[in-house]
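Reading through the structure tokens given below for one structure.
None of the values given here were measured: they were computed from a predicted structure.
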Amino acid sequence: MGLTGKLVRQTEIRSDGNVFHEIFKSRPHHISKMSPDNIQGVDLHEGDWGTVGSVILWNYTHDGKEKIAKERIEAIDEENKSVTFKVIEGDLKELYMTFIITVHVDTKGENNIVTWTFEYEKLNEDVPDPNTLMDFVIHVTKDIETHHFQA
């Protein structure tokens with residue numbers, strides 16, 4: 001098995017896909033209210049919300065441990081409703097040389113499909129694939145969906 005990998009998972013949401021895209025693009029700091037057990041806080045460190053090059057610090061709990069991730073927004077595609085983040089500091093950098101996260105929402109059909117893609121390079125062969133982190137982001141996705149039905 002190589003050190004580079006790609007993990008992709010899709011999940012259907014019944015809530016508005018445009019709103020979901022907008023949250024990750026411009027309002028990730030609201031996610032801590034929608035998924036408080038998973039995301040404890042999201043702060044802007046550089047730039048402006050919703051702009052490429054901005055740096056965001058995530059405080060989250062994964063596998064029962066409090067963690068941080070500092071990410072730079074690498075790309076925003078309004079037409080395809082995707083946002084790409086590159087991890088530049090934090091706990092993931094202890095395991096992965098590079099870690100890029102893309103969240104994409106397909107709103108073209110009757111249902112909205114959220115696709116999460118992780119592209120990564122492990123520091124060594126002993127580093128596991130980020131399957132539990134993928135489970136984590138799917139859970140956060142479902143928390144956001146639930147929040148929008150309660151609101």
Side-chain angles (χ1 to χ4, degrees), residues 4-63 66-93 95-122 128-151:
T4 60
K6 183 174 184 176
L7 199 56
V8 179
R9 194 166 311 160
Q10 294 183 319
T11 188
E12 185 177 326
I13 59 169
R14 295 171 298 152
S15 56
D16 188 321
N18 293 314
V19 171
F20 190 89
H21 169 68
E22 183 68 23
I23 288 166
F24 275 92
K25 181 189 90 168
S26 301
R27 296 183 285 134
H29 50 294
H30 292 186
I31 296 172
S32 62
K33 290 180 181 70
M34 300 174 202
S35 186
D37 292 340
N38 296 301
I39 308 292
Q40 284 71 53
V42 183
D43 297 308
L44 183 67
H45 270 244
E46 292 176 27
D48 297 306
W49 294 114
T51 60
V52 171
S54 295
V55 176
I56 300 168
L57 180 68
W58 298 77
N59 291 286
Y60 63 101
T61 302
H62 172 238
D63 287 342
E66 290 185 11
K67 299 186 179 188
I68 62 163
K70 189 181 274 190
E71 300 174 348
R72 180 175 48 245
I73 298 175
E74 294 286 297
I76 297 171
D77 184 334
E78 286 298 334
E79 187 177 334
N80 293 312
K81 296 184 180 27
S82 71
V83 182
T84 301
F85 302 91
K86 180 178 184 179
V87 177
I88 57 174
E89 288 180 32
D91 292 277
L92 289 171
K93 293 297 281 181
L95 300 172
Y96 303 95
M97 179 113 30
T98 59
F99 204 96
I100 297 171
I101 302 166
T102 302
V103 57
H104 165 257
V105 186
D106 183 350
T107 59
K108 292 176 181 65
E110 234 177 74
N111 303 318
N112 295 302
I113 305 294
V114 175
T115 304
W116 286 92
T117 305
F118 295 165
E119 296 175 79
Y120 54 90
E121 182 180 356
K122 302 175 187 180
D129 290 320
N131 291 305
T132 63
L133 187 63
M134 184 61 82
D135 295 341
F136 171 85
V137 297
I138 295 296
H139 191 84
V140 170
T141 300
K142 292 302 183 180
D143 283 349
I144 292 169
E145 176 186 37
T146 299
H147 174 84
H148 280 97
F149 280 113
Q150 293 173 344

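Annotation for Lys142 and Thr11: closest pair CE-OG1, 3.0 Å, computed over non-hydrogen atoms. Contact between Thr4 and Glu121 at its shortest, heavy atoms only, is CG2-CG, 3.9 Å. The minimum heavy-atom distance linking Phe85 with Phe24 is given by the pair CZ-O, 3.6 Å. Smallest separation of non-hydrogen atoms from Asp48 and Ser54: O-OG, 2.5 Å. Nearest heavy-atom pair across Ile76 and Val52 is N-CG2, 3.8 Å. The two residues Val83 and His21 have their closest heavy-atom pair at CG2-CE1, 3.8 Å.
Leu7 contributes atom CG, which lies 5.5 Å from atom OH of Tyr120 (distance to the nearest 0.5 angstrom). The line from CZ of Arg9 to CD1 of Ile138 is 6.0 Å long, rounded to the nearest 0.5 Å. Interatomic distance, NE2 of His147 versus OG of Ser15, reported as 10.0 Å (0.5 Å rounding). Atom CD in Gln40 sits 12.5 Å away from atom CD1 in Ile68 (nearest 0.5 Å). Atom-to-atom distance recorded for Ile56:CD1 and Leu44:CG is 6.5 Å, nearest 0.5 angstrom. Once rounded to the nearest 0.5 Å, the distance linking NE2 of His104 with CD of Gln10 reads 9.0 Å.
Judged by distance alone, the side chain of Asn59 and the main-chain N or O of Glu66 form no donor-acceptor pair under 3.5 Å. No side-chain donor-acceptor contact under 3.5 Å links Glu22 to the backbone of Arg27. Glu46 places no side-chain N or O within 3.5 Å of a backbone atom of Gly53 that could act as its donor or acceptor partner. The backbone N or O of Asn131 lies less than 3.5 Å from no partner atom in the side chain of Asp129, so there is not a single donor-acceptor pair.
The shortest distance between side-chain heavy atoms of Leu133 and Phe118 falls below 4.5 Å. Within the 4.5 Å cutoff, side-chain heavy atoms of Ile100 are placed close to those of Thr84. Side chains of Phe20 and Val103 form a contact here, defined as non-hydrogen atoms less than 4.5 Å apart. Side-chain atoms of Leu57 and Glu89, non-hydrogen and from C-beta on, never get closer than 4.5 Å to each other. Counting heavy atoms from C-beta on, the side chains of Asn112 and Asp16 never come closer than 4.5 Å.
A salt bridge between Glu74 and Arg72 is present, with a side-chain N of the basic residue lying under 4.0 Å from a carboxylate O of the acidic one.
When each of Asp91, Thr61, Leu92 is checked for a side-chain contact (heavy atoms from CB on, under 4.5 Å) with Lys67, only Asp91 meets the rule.
In this pair, His29 and Trp49 present their aromatic rings parallel. The plane angle is below 30°, not in the 30 to 60° band.
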- Message: Before you tell me yes or no, could you show the steps for Ile73 and Thr51 under side chain to side chain contact (heavy atoms under 4.5 Å, CB included), namely the whole-Å CA-CA distance, both residues' side-chain angles and the distance that decides it to 0.1 Å?
- Response: CA-CA 7 Å; Ile73 298 175; Thr51 60; 6.0 Å; no
- May I have the step-by-step check of side chain to side chain contact (heavy atoms under 4.5 Å, CB included) for Met34 and Ile23, ending in yes or no? CA-CA 11 Å; Met34 300 174 202; Ile23 288 166; 3.7 Å; yes
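Residues satisfying the ring pair (Phe, Tyr, Trp, His ring centres under 6.0 Å) test with His30, not counting sequence neighbours, are none. Residues forming a ring pair (Phe, Tyr, Trp, His ring centres under 6.0 Å) with Trp58 (at least two apart in sequence, or on another chain): none. For Phe136, the ring pair (Phe, Tyr, Trp, His ring centres under 6.0 Å) criterion is met by Tyr60, His62, not counting sequence neighbours.
Taking a 6.0 Å sphere around CD of Glu78, one finds it holds more than 12 heavy atoms contributed by other residues, nucleotides or ligands.
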